Novice: 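The structure under discussion is supplied below as structure tokens; questions concerning it will follow.
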Amino acid sequence: MNALKIPPGIKVFNKIADFRQWRHSLLLDRKTLGYVPTMGALHQGHLALVSAAKKRCDHVALSIFVNPAQFAPTEDLATYPRTLQNDLNKLADLGFDSTVFVPQVEEMYPAGIDLDVSKQKGTFVEVLGLSKQLEGITRPNFFRGVATVVSKFLNIVQPEDVFFGQKDIQQCFVIRNMIRDLHFPSKMHICPTVRDENGLALSSRNAYLSATQKRYALVLSQSLQHMESLYRSGNTNATELVQAGVQLIEQAAKEVDALNEDWKIRIDYVSINSGKDLREIKGEIPKEDGCVISMAVFVGHTRLIDNLCLDIHS
């Protein structure tokens, strides 16, 4: 923290007690607080959430915390981008005051945190029914880690409003139900996915992609658009829509193979799930529920996710 150059208009706290004291002052002044949880490496998607929070609330706070509980032992915790100085500069460039909470792992997890779930001690939160499908198949303990850390932050921050991006749509379902079930006094807002000029969903992990990989990564959004077009044209059979999306991605994978590069495109999943409870849909998509079309695709070693929500009314 000592080496940081904190820009004008930005407050930074790294102790829970100090942040809570600041939060208490807002309550005494009857000022509202909007909150954006992040893992840092901020991009325009995060900044759009911060701007949405500012439009709705008197003050904005965001947390920057690379949460070990949502990483498996084989995942990229050690190499996940950490760019705090750049993050603070980007927030300052928005032109309004922001408060940033950057806690230490030891304070967030007083009992310690082992990446091996079987060795973990302490208190954890799990949202049953929404955590084991889709992302939960490849990352079985991911949403346990997400729900745990978000519940901690909601307890610390006590925001009137909290903001999440649609790109992590399953996370949005999980957190929405957690807020409801645990009676957190915060209203959740899901903001649209922010994309670059070519349609690639913004993600901190995009930094891992080469220029060629970024070009081929566009197949995620292209296949989603293709499936949406078929759906809007009257094809509401989930199995057929998934097949159409997979076909486009497999074609891109063949093109990469022909380049004789040292990386490949590989599908983790393409799925259509209920807009009500995320159960997988195999046949006709129920009109009353709408659906989520989502996918995870490896472009080289980088795992990218993207989705579209169709006719979901909430």
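As the structure is a prediction and not an experimental result, all values here were calculated from the model.
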Novice: Do K11 and D97 meet the salt-bridge criterion of a basic N to acidic O distance under 4.0 Å?
Specialist: no

Novice: Give a yes-or-no answer on whether the side chains of N89 and Q85 include a donor-acceptor pair shorter than 3.5 Å.
Specialist: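 There is such a pair (donor and acceptor under 3.5 Å, judged by atom type) between the side chains of N89 and Q85.
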
Novice: Would you name the heavy atoms of I64 and G40 that are closest together and state the gap between them?
Specialist: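 For I64 and G40, the tightest heavy-atom pair comes out as CG2-CA, 3.7 Å.
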
Novice: Would you give the length of the straight line joining atom NE2 of H301 to atom CZ of R266, rounded to the nearest 0.5 angstrom?
Specialist: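 Between H301 NE2 and R266 CZ, I get 10.0 Å after rounding to 0.5 Å.
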
Novice: Is it true that, when you exclude Q21 itself, more than 12 heavy atoms of the residues, nucleotides or ligands shown sit nearer than 6.0 Å to its CD?
Specialist: no

Novice: Less than 4.5 Å apart, side chain to side chain, heavy atoms only: is that true for D289 and C291?
Specialist: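 No, side chains not in contact.
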
Novice: For D268 and L304, indicate whether the former's side chain and the latter's backbone hold a donor-acceptor pair under 3.5 Å.
Specialist: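 Not at all, since once roles are kept as given, no pair shorter than 3.5 Å links the two residues.
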
Novice: Test side chain to side chain contact (heavy atoms under 4.5 Å, CB included) on L84 and V102 and set out the steps.
Specialist: CA-CA 9 Å; L84 182 56; V102 191; 4.1 Å; yes

Novice: How far apart are the C-alpha atoms of F184 and S151, what are their side-chain angles, what is the distance that settles it, and do they pass the side chain to side chain contact (heavy atoms under 4.5 Å, CB included) test?
Specialist: CA-CA 9 Å; F184 282 106; S151 67; 3.8 Å; yes

Novice: Nearest 0.5 Å, what's the OG-CD distance between S294 and Q166?
Specialist: 11.0 Å

Novice: If you measure only the distance, is there a donor-acceptor pair under 3.5 Å linking the side chains of Y109 and T148?
Specialist: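 Per modelled atom types, Y109 and T148 side chains form no pair under 3.5 Å.
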
Novice: Under 4.0 Å between a side-chain nitrogen and a carboxylate oxygen: does that hold for E250 and K254?
Specialist: no

Novice: Would a distance-only check, ignoring hydrogens and angles, find a side-chain to backbone donor-acceptor pair under 3.5 Å from Q158 to N155?
Specialist: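 Looks like yes, one N/O pair under 3.5 Å.
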
Novice: For V270 versus M295, what's the shortest heavy-atom pair and its separation?
Specialist: CG2-CB, 4.0 Å

Novice: State, with a plain yes or no, whether a side-chain heavy atom of F164 is found less than 4.5 Å away from one of P37.
Specialist: yes

Novice: Is it true that a side-chain atom of E75 and a backbone atom of A72 form a donor plus acceptor pair closer than 3.5 Å?
Specialist: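 Checking the backbone N and O of A72 against the side chain of E75, a donor-acceptor pair under 3.5 Å is found.
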
Novice: Indicate, with yes or no, if F143 and M39 share a hydrophobic cluster defined by side-chain heavy-atom contacts under 4.5 Å among Ile, Leu, Val, Met, Phe, Trp and Tyr.
Specialist: no

Novice: Before giving the answer on side chain to side chain donor-acceptor pair (under 3.5 Å), spell out for T138 and Y269 the whole-Å C-alpha distance, their side-chain angles and the decisive distance to 0.1 Å.
Specialist: CA-CA 9 Å; T138 302; Y269 67 80; over 6 Å; no

Novice: Between F101 and F13, is the ring centre distance below 6.0 Å?
Specialist: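 No, ring centres 6.0 Å or more apart.
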
Novice: Would you call V105 and I113 a side-chain contact if the rule is heavy atoms closer than 4.5 Å?
Specialist: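 Yes, side chains in contact.
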
Novice: Between C57 and L33, is any pair of side-chain heavy atoms under 4.5 Å apart?
Specialist: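 They are not in side-chain contact.
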
Novice: Are more than 12 heavy atoms from other residues, nucleotides or ligands located less than 6.0 Å from atom NZ of K276?
Specialist: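 No.
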
Novice: We want to know whether E280 and N273 form a side-chain donor-acceptor pair, criterion being a heavy-atom distance below 3.5 angstrom.
Specialist: no

Novice: Verify, without hydrogens or angle tests, whether K152 (side chain) and I156 (backbone) share a donor-acceptor contact under 3.5 angstrom.
Specialist: no

Novice: Verify the cluster assignment for V162 and L182: are they in a single hydrophobic cluster under the rule of side-chain heavy atoms below 4.5 Å apart?
Specialist: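 Yes, because V162 and L182 connect within a single hydrophobic cluster, where side-chain heavy atoms sit under 4.5 Å apart.
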
Novice: Looking at N198 and L200, would you say the former's side chain and the latter's main chain have a donor-acceptor pair under 3.5 Å?
Specialist: no

Novice: Judged by modelled atom types alone, do D306 and S221 share a side-chain donor-acceptor pair under 3.5 Å?
Specialist: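 No donor-acceptor contact under 3.5 Å links the two side chains.
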
Novice: Would you give the length of the straight line joining atom OG1 of T99 to atom CG of L91, rounded to the nearest 0.5 angstrom?
Specialist: 10.0 Å

Novice: When you measure from the side chain of D29 to the backbone of K31, do you find a donor-acceptor pair of N or O atoms at a distance under 3.5 Å?
Specialist: no

Novice: Locate the shortest heavy-atom distance separating L278 from Q133; write the atom from each residue and the value.
Specialist: O-NE2, 3.3 Å

Novice: Answer whether the closest heavy-atom distance between the side chains of D18 and R20 falls below 4.5 Å.
Specialist: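 D18 vs R20: side chains apart.
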
Novice: Does a sphere of radius 6.0 Å around NZ in K90 hold more than 12 heavy atoms from other residues, nucleotides or ligands, not counting ones at 6.0 Å or beyond?
Specialist: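 Atom NZ in K90 is packed in, count exceeds 12.
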
Novice: Will you find, in the side chains of Q213 and Y208, an N or O donor that is under 3.5 Å from an N or O acceptor?
Specialist: no

Novice: Please round to the nearest 0.5 Å and tell me the distance separating atom OG1 of T302 and atom CG of N206.
Specialist: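 It is 8.5 Å, given to the nearest 0.5 Å.
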
Novice: Is there a donor-acceptor pair under 3.5 Å between the side chain of Q170 and the backbone N or O of L130?
Specialist: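 Side chain of Q170 to backbone of L130, a donor-acceptor pair under 3.5 Å: yes, one is there.
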
Novice: So, applying salt bridge (charged side-chain N to carboxylate O under 4.0 Å, His left out) with E160, which one of R23, R56, R30 is it?
Specialist: R23

Novice: Show the numbers, then the answer: is there a side chain to side chain contact (heavy atoms under 4.5 Å, CB included) between R303 and E135?
Specialist: CA-CA 11 Å; R303 186 174 182 274; E135 290 294 287; 2.7 Å; yes

Novice: How about I272 and V292: do any of their side-chain heavy atoms sit closer than 4.5 Å?
Specialist: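 The answer is no; the side chains never approach within 4.5 Å.
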
Novice: Is the NZ or CZ atom of R176 positioned over F173's six-membered ring, under 6.0 angstrom from the centre and within 45° of the axis?
Specialist: yes

Novice: With a 3.5 Å distance limit and no angle check, can you tell me whether S98 reaches the backbone of I10 through a side-chain donor-acceptor pair?
Specialist: no

Novice: So P103 and K15, do their side chains get closer than 4.5 Å, heavy atoms only?
Specialist: no

Novice: Side chains of R144 and Q120: is there a donor and an acceptor less than 3.5 Å apart?
Specialist: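 The criterion, which ignores hydrogens and geometry beyond distance, is satisfied for Q120 and R144.
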
Novice: Counting distance only, does the side-chain N/O of D76 pair as donor-acceptor with the main-chain N or O of Y80 below 3.5 Å?
Specialist: no

Novice: Can you give me the closest heavy-atom contact between S186 and L154, atom names plus distance?
Specialist: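 S186 and L154 have their closest heavy atoms at OG-CD2, 4.2 Å.
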
Novice: Do you reckon L62 sits in the same ILVMFWY cluster as V194, going by side-chain contacts under 4.5 Å, direct or chained?
Specialist: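 No.
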
Novice: For residues I137 and F71: do they belong to one hydrophobic cluster (side chain heavy atoms under 4.5 Å, members Ile, Leu, Val, Met, Phe, Trp, Tyr)?
Specialist: no

Novice: Restricting to non-hydrogen atoms, name the atom on C172 and the atom on G165 that form the minimum distance, rounded to 0.1 Å.
Specialist: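 Where C172 meets G165 most closely, the heavy atoms are SG-O, 3.3 Å.
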
Novice: What distance do W263 atom CH2 and L209 atom CG have between them, rounded to the nearest 0.5 Å?
Specialist: 8.5 Å

Novice: Is the number of heavy atoms from other residues, nucleotides or ligands under 6.0 Å of K132 NZ greater than 12?
Specialist: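 Result for NZ/K132: enclosed.
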
Novice: Look only at the side chain of S25 and the backbone of W22, and say whether a donor-acceptor pair between them is shorter than 3.5 Å.
Specialist: yes

Novice: Are I175 and V127 linked, directly or through other ILVMFWY residues, by side chains that come within less than 4.5 angstrom of each other?
Specialist: yes

Novice: Mind listing the closest non-hydrogen atom pair of L241 and Y231 along with its distance?
Specialist: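 Minimum heavy-atom separation between L241 and Y231: CD2-N, 4.0 Å.
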
Novice: Does M108 reach the side chain of V149, with side-chain heavy atoms less than 4.5 Å apart?
Specialist: yes

Novice: Between I249 and I265, is a side chain to side chain contact (heavy atoms under 4.5 Å, CB included) present by the stated rule, with each step listed?
Specialist: CA-CA 8 Å; I249 299 169; I265 291 178; 4.0 Å; yes

Novice: Does the side chain to side chain donor-acceptor pair (under 3.5 Å) test come out yes or no for H189 and D161, once each step is laid out?
Specialist: CA-CA 7 Å; H189 304 270; D161 298 271; 2.7 Å; yes

Novice: Between atom CD1 of I169 and atom CD of Q171, what is the distance when rounded to the nearest 0.5 Å?
Specialist: 10.0 Å

